[in-house]
Q: 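Quick one: structure below, then a few questions.
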Amino acid sequence: MTNDFSPLPHPWDQLLCARLREEVHPFNEPERFRALNQAYDGRNTFWSVPSPEPDLSDSFWENLTHHVKTADPVADAAGRLAAAILEKYPDPNRLAFAAILRAGVPVADWLQKLLPGSVGAAISLFVGIGVDRVGLAEFQNRHPDRTLIFVDGWTGKGGVADELKRLGLGPLAVLIDPWGCADFTGIETDLFCPSACFTGPATLGFSRTFFTTESEPFSAYRFPASFLRPEVIAAWRDRAPATPTAPPERAGRFSVATDLRVHSNEVCRALINAAPRELLFAESPADAREHFELLLELADARRVPVAFDRRDLADLRTRVAAVMK
């Protein structure tokens, strides 16, 4: 099984714990992917087919690259996340980051730069089916004396955090954690992160992973290298903060029942991997354009209607939400 795993096929400095299969076209072979409007129904079969990918314009990727280069609040959150981890684990040489595919990969990349001596691997985890046990075992076998920390981009309602607890795994570190679900975080407000827009064709070179059997690692389809956007990856890696700063203040766990997809980064992933019925912004059109320009671009590309001035979203501690089908 060791021979199945190799470094990620791009500049990310992480081991890919997945089996890469045949190369497919990300946009012209719909039979390879599940329907965009198919919703998770609690059955594991949902994770046996990857979700489709959006074909975004050159102007979108140029705008995203600009946002990555100017993501100062996000970089500050990363410095605080690294400081929070150091507070409990002061020796980075004994840390192993399990970056949850796909949102955890860019965050773990920053953490490896902020905490020299740490190592990282990209590993699959889906709520309901759990973690890729084969891939995780291989990563742990390579680094048996290191403390394992799972890394994700952000939390929504806490599904990943709860799944790790169900599996007896953790801790979990995330960049953005509005409901206070993770063990380590950089910020507990609904801050939009440009990496939420990263897609498989543009920043990874392979599809979302999918489940095969209990005895095999999760798999992914390869994508042609011509779809990669190396300038986006380079901009993200160049924007990494230089040093840890200070841990953030923690407000504690918050939870409320809602059928909405909450928080801007989770809404962004819904625009990429699913089919929202409507987007809701707590702010005015002008303020939403200032803070969530990329979300509005994606909504326009996906033909998803938007509504503004939804002040009731404050009760959910979110600035953006999505009505799902």
Q: Taking NZ, NE, NH1 and NH2 as the nitrogens, is one of them in E266 or R269 under 4.0 Å from a carboxylate oxygen of the other?
A: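 Looking at R269 together with E266, the answer is no, because their closest N to O distance does not fall below 4.0 Å.
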Q: Find out whether L95 and Y89 are in side-chain contact, i.e. whether some heavy atom of one side chain is under 4.5 Å from a heavy atom of the other.
A: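 Yes; the side chains approach each other to less than 4.5 Å.
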Q: For D58, is there an ion pair with R229 - N to carboxylate O distance below 4.0 angstrom?
A: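 D58 and R229: salt-bridged.
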Q: Once you round to the nearest 0.5 Å, how far does CG of L298 lie from CG of L294?
A: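 Output value for this atom pair is 7.0 Å.
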Q: Tell me, do T209 and D132 make a side-chain contact under 4.5 Å, heavy atoms counted?
A: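 When only atoms from C-beta onward are counted, D132 and T209 do not touch, as no gap falls below 4.5 Å.
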Q: Set out, in order, the CA-CA distance, both residues' side-chain angles and the distance that settles side-chain contact (heavy atoms from CB on, under 4.5 Å) for E53 and F27, then state yes or no.
A: CA-CA 7 Å; E53 300 278 359; F27 313 124; 4.1 Å; yes
Q: So do the side chains of V151 and V174 get within less than 4.5 Å of each other, counting heavy atoms only?
A: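 A side-chain contact is absent here, since even the closest heavy-atom pair is not under 4.5 Å.
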Q: Looking only at non-hydrogen atoms, find the nearest pair between L172 and D183 and report the distance.
A: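 Of all heavy-atom pairs spanning L172 and D183, the closest is N-OD2, 2.8 Å.
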Q: Mind checking the CG-NZ spacing from L316 to K157? Nearest 0.5 Å is all I need.
A: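 These two atoms lie 9.0 Å from each other.
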Q: What closest approach, in Å, do F198 and P106 show between heavy atoms, and which atom pair accounts for it?
A: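 The answer is CD2-CG, 3.9 Å.
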Q: Can you tell whether the side chains of R317 and D312 come within less than 4.0 Å, N to carboxylate O?
A: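 Salt bridge flag = no for D312 with R317.
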Q: Checking side-chain polar atoms at under 3.5 Å, does Q14 have a donor or acceptor matched by the opposite partner on D109?
A: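 Distance-only check fails for Q14 and D109.
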Q: Could you measure the distance from the SG atom of C197 to the CG atom of L56? Nearest 0.5 Å is fine.
A: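 C197 atom SG to L56 atom CG measures 8.0 Å (nearest 0.5 Å).
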Q: So which atom in T155 and which in C181 form the shortest heavy-atom distance, rounded to 0.1 Å?
A: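 That would be CG2-CB, 4.2 Å.
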Q: Could you check F126, F46, F218, W47 and say which one makes a ring-ring contact (aromatic ring centres under 6.0 Å, His included) with F211?
A: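 The ring-ring contact (aromatic ring centres under 6.0 Å, His included) with F211 is passed solely by F218 among F126, F46, F218, W47.
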Q: Report the C-alpha distance between F206 and L16 in whole Å, list the side-chain angles of each, state the deciding distance to 0.1 Å, and finish with yes or no for side-chain contact (heavy atoms from CB on, under 4.5 Å).
A: CA-CA 11 Å; F206 57 89; L16 172 61; 3.8 Å; yes
Q: Given side-chain contact (heavy atoms from CB on, under 4.5 Å), test H25 with F227 step by step and report yes or no.
A: CA-CA 10 Å; H25 194 290; F227 290 105; 3.5 Å; yes
Q: Does L260 belong to the same Ile/Leu/Val/Met/Phe/Trp/Tyr cluster as V306, with side-chain heavy atoms less than 4.5 Å apart forming each link?
A: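 No, no single cluster joins them.
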Q: Apply ring pair (Phe, Tyr, Trp, His ring centres under 6.0 Å) to residues F192 and H67 and explain how you reach the verdict.
A: CA-CA 10 Å; F192 182 69; H67 279 269; 7.8 Å; no
Q: To the nearest 0.5 Å, tell me how far F97 CZ sits from H143 NE2.
A: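 The distance works out to 12.0 Å.
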Q: Can you name the one residue among P52, P54, P50, P224 that meets side-chain contact (heavy atoms from CB on, under 4.5 Å) with P26?
A: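 Exactly one option meets the side-chain contact (heavy atoms from CB on, under 4.5 Å) with P26, and it is P224.
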Q: Applying a strict under-4.5 Å side-chain criterion to I, L, V, M, F, W and Y, I'd like to know whether V134 and F210 cluster together.
A: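 Result: no, two separate clusters.
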Q: Could you check whether S284 and D309, counting side-chain N and O atoms only, form a donor-acceptor pair closer than 3.5 Å?
A: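 No.
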Q: Applying side-chain hydrogen bond (donor to acceptor under 3.5 Å, both in side chains), run through T147 and R94 and close with a yes or a no.
A: CA-CA 6 Å; T147 297; R94 299 187 66 81; 5.9 Å; no
Q: Would you say D259 has more than 12 foreign heavy atoms packed within less than 6.0 Å of its CG?
A: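 At most 12 heavy atoms, drawn from other residues, nucleotides or ligands, come within 6.0 Å of this atom.
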Q: With a 4.5 Å limit on heavy-atom distance, are the side chains of R239 and K69 in contact?
A: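 In short, these two side chains do not touch, never coming nearer than 4.5 Å.
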Q: Restricting to non-hydrogen atoms, name the atom on A122 and the atom on L101 that form the minimum distance, rounded to 0.1 Å.
A: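 Smallest heavy-atom distance, with atoms named: CB-CD2, 3.7 Å.
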Q: Side-chain heavy atoms under 4.5 angstrom apart, residues restricted to Ile, Leu, Val, Met, Phe, Trp, Tyr: same cluster for V304 and L313?
A: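 V304 does not cluster with L313.
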Q: Considering the options W154, F254, W179, which one meets the ring-ring contact (aromatic ring centres under 6.0 Å, His included) requirement together with H263?
A: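 In the set W154, F254, W179, the residue that makes a ring-ring contact (aromatic ring centres under 6.0 Å, His included) with H263 is W179.
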Q: Any chance CZ of R303 has more than 12 other-residue heavy atoms, nucleotides or ligands included, within less than 6.0 Å?
A: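 Open.
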Q: Where is the tightest heavy-atom contact between Y40 and V127, given as atom of each residue plus distance?
A: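 Taking every non-hydrogen atom into account, OH-O, 3.3 Å.
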Q: Assess whether a salt bridge exists between E188 and R250, defined as any Lys/Arg side-chain N lying under 4.0 Å from an Asp/Glu carboxylate O.
A: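 Looking at R250 together with E188, the answer is yes, because their closest N to O distance falls below 4.0 Å.
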Q: Given side chains that start at C-beta, do those of T185 and I176 come closer than 4.5 Å, heavy atoms only?
A: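 Side-chain contact under 4.5 Å: no.
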Q: Please check this pair: side chain of D190 against backbone of R319, looking for a donor-acceptor N/O pair closer than 3.5 Å.
A: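 Between the backbone of R319 and the side chain of D190 there is a qualifying donor-acceptor contact (under 3.5 Å).
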Q: Atom CZ of R19 and atom OG of S6: how far apart are they, to the nearest 0.5 Å?
A: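 Interatomic distance, R19 CZ to S6 OG, rounded to 0.5 Å: 12.0 Å.
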Q: Judged by atom type as modelled, is there a donor-acceptor pair below 3.5 Å linking the side chain of R21 to the main-chain atoms of A220?
A: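 The answer is no, because no donor-acceptor pair under 3.5 Å joins these two groups.
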Q: Go through the steps to decide whether S59 and E62 satisfy the test side-chain hydrogen bond (donor to acceptor under 3.5 Å, both in side chains), and finish with yes or no.
A: CA-CA 5 Å; S59 62; E62 291 169 3; over 6 Å; no
Q: Does the side chain of R310 reach to within under 4.5 Å of the side chain of T318, using non-hydrogen atoms?
A: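 The answer is no, as the side chains (C-beta and beyond) never meet within the 4.5 Å cut-off.
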Q: CZ/R208 to OG/S124 distance, rounded to the nearest 0.5 angstrom?
A: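 Between atom CZ of R208 and atom OG of S124 there are 9.0 Å.
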Q: Can a donor-acceptor pair be found between the side chains of S51 and N273 at a distance below 3.5 Å?
A: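 N273 and S51 do have a side-chain donor-acceptor pair below 3.5 Å.
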Q: Are L204 and F223 joined in one hydrophobic group, where the rule is that I, L, V, M, F, W and Y side chains link up if heavy atoms are under 4.5 Å apart?
A: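 As far as the 4.5 Å side-chain criterion goes, F223 and L204 are not connected within one cluster.
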Q: Just wondering, do M324 and E278 contact through their side chains at under 4.5 Å, heavy atoms?
A: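 No, their side chains stay 4.5 Å or more apart.
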Q: Does one hydrophobic cluster hold both L271 and F33, with members joined at side-chain heavy-atom distances below 4.5 Å?
A: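 No, L271 and F33 fall in different hydrophobic clusters.
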Q: Within the structure provided, determine whether L228 and T203 are in side-chain contact (heavy-atom separation under 4.5 Å).
A: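 Sidechains of T203 and L228: no contact.
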Q: Between N141 (side chain) and A137 (backbone), is there a donor-acceptor pair under 3.5 Å?
A: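 Present.
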Q: For E214, does the CD atom sit with more than 12 other heavy atoms under 6.0 Å from it, leaving out its own atoms?
A: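 Atom CD in E214 is not packed in, count stays at 12 or less.
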Q: Run the numbers on I187 and R80 for side-chain contact (heavy atoms from CB on, under 4.5 Å), then give the verdict.
A: CA-CA 8 Å; I187 192 171; R80 293 183 179 277; over 6 Å; no
Q: I need the minimum non-hydrogen distance between R302 and L36, along with the two atoms involved.
A: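 So the two residues come closest at NH1-CD2, 3.6 Å.
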Q: Can any side-chain N or O of K113 pair as donor or acceptor with the backbone N or O of R237 at less than 3.5 Å?
A: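 Judged by distance alone, yes, a pair lies under 3.5 Å.
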